[in-house]
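First up is the structure itself, then whatever we jot down about it.
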Amino acid sequence: MSTITASVDVNVPIAPVYDQWTQFETFPQFMEGVDRVQQLTPTKTHWDVSVGGVRREFDATITEQHPEERVAWRSDNGPQHAGVITFHRLGDNQTRVTAQMDIDPEGFAENVADKSGLLSQRVEGDLKRFKEFIEHQGHATGAWRGDVNRPE
């Protein structure tokens with residue numbers, strides 16, 4: 001199991017930054033290797049991804065979500081991973097987005113990508129592209145502000 005942590009400071013207020021992050025179906029617009037995300041229910045998503053030329057599908061569950069604070073998830077099948085995205089207000093127009101992910105690579109391609117640092121670079125790149133996306137938009141394309149409490 002590998003842990004990846006990365007952050008980016010976004011020059012947009014926390015509310016639209018958080019709101020945009022809840023729009024999972026837009027992730028392919030700024031996440032490398034994410035081909036499609038379907039929001040099945042408020043807490044269930046289906047992902048189609050490519051890593052090192054290998055295509056994978058998996059479902060994930062939002063395990064905790066609090067507006068303008070955090071979104072946590074875990075995979076239900078396929079490549080095993082879990083993580084949390086946190087949002088920190090740095091000022092009226094600046095937000096820090098931090099990603100922390102635990103990943104258990106599945107298969108040869110994913111293990112090579114993990115050991116070579118490619119997965120870490122991908123997460124950092126995804127956050128930078130998210131920053132460009134939301135700063136260019138200036139507003140969120142949608143929002144889901146529901147609360148999901150951590151399972152006991």
Side-chain angles (χ1 to χ4, degrees), residues 1-12 14-88 94-107 109-146 148:
M1 182 81 60
S2 295
T3 299
I4 298 170
T5 303
S7 293
V8 67
D9 292 347
V10 178
N11 296 315
V12 175
I14 194 169
V17 170
Y18 172 83
D19 290 346
Q20 185 61 54
W21 196 271
T22 67
Q23 302 306 292
F24 304 113
E25 292 181 353
T26 67
F27 282 10
Q29 295 180 50
F30 54 83
M31 286 189 174
E32 183 181 349
V34 175
D35 301 319
R36 187 173 84 153
V37 180
Q38 291 176 278
Q39 181 90 39
L40 304 174
T41 71
T43 60
K44 296 283 186 183
T45 55
H46 180 80
W47 295 66
D48 294 307
V49 299
S50 303
V51 177
V54 177
R55 296 182 55 82
R56 298 271 191 244
E57 288 187 45
F58 63 90
D59 295 318
T61 297
I62 308 272
T63 57
E64 186 179 11
Q65 185 166 342
H66 304 294
E68 299 178 21
E69 291 179 21
R70 66 192 302 113
V71 177
W73 76 94
R74 67 168 162 68
S75 61
D76 298 328
N77 52 39
Q80 292 302 301
H81 65 280
V84 62
I85 306 296
T86 55
F87 304 86
H88 307 275
Q94 192 172 43
T95 305
R96 178 165 294 147
V97 180
T98 301
Q100 182 176 345
M101 298 174 57
D102 292 326
I103 300 173
D104 190 6
E106 181 180 275
E110 289 91 342
N111 274 290
V112 169
D114 180 41
K115 300 292 185 233
S116 68
L118 180 64
L119 293 180
S120 181
Q121 291 172 5
R122 184 172 276 186
V123 171
E124 291 171 7
D126 290 345
L127 286 177
K128 287 178 185 171
R129 285 185 292 279
F130 174 74
K131 170 186 171 69
E132 293 167 4
F133 180 86
I134 189 64
E135 286 180 356
H136 177 73
Q137 289 282 119
H139 59 83
T141 60
W144 190 79
R145 300 191 66 83
V148 176

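S7 meets the side chain to side chain donor-acceptor pair (under 3.5 Å) test with T98; sequence neighbours excluded. Every salt bridge (Lys or Arg N to Asp or Glu O under 4.0 Å) that R70 has, sequence neighbours left out, goes to E64. Applying the salt bridge (Lys or Arg N to Asp or Glu O under 4.0 Å) criterion to K44, with sequence neighbours excluded, gives D76.
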Intermediate values then yes/no, side chain to side chain contact (heavy atoms under 4.5 Å, CB included), K131 and V12
CA-CA 9 Å; K131 170 186 171 69; V12 175; over 6 Å; no
Could you walk me through whether F24 and V71 pass the side chain to side chain contact (heavy atoms under 4.5 Å, CB included) check?
CA-CA 11 Å; F24 304 113; V71 177; 4.3 Å; yes
Just do the side chain to side chain contact (heavy atoms under 4.5 Å, CB included) check on R55 and D35 with the steps written out, would you?
CA-CA 9 Å; R55 296 182 55 82; D35 301 319; 2.8 Å; yes
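Centroid-to-centroid, the aromatic rings of F130 and W21 come within less than 6.0 Å.
Around the CZ atom of R129, the shell of radius 6.0 Å holds more than 12 heavy atoms that belong to other residues, nucleotides or ligands.
Between the side chain of D126 and the backbone N or O of E32, at least one donor-acceptor pair lies under 3.5 Å. In terms of modelled atom types and a separation under 3.5 Å, the side chain of S120 and the main chain of I4 share no donor-acceptor contact. In this structure, the side chain of E135 engages the main chain of N11 through a donor-acceptor pair within 3.5 Å. The backbone N or O of T43 sits less than 3.5 Å from a side-chain atom of T41, completing a donor-acceptor pair. Remark: the backbone N or O of D59 is paired with a side-chain donor or acceptor of N77 at under 3.5 angstrom.
Residues Q23 and W144 approach most closely at NE2-N, 3.7 Å, considering heavy atoms.
When Q65, H66, E69 are each tested for a side chain to side chain contact (heavy atoms under 4.5 Å, CB included) with Y18, only one passes: Q65.
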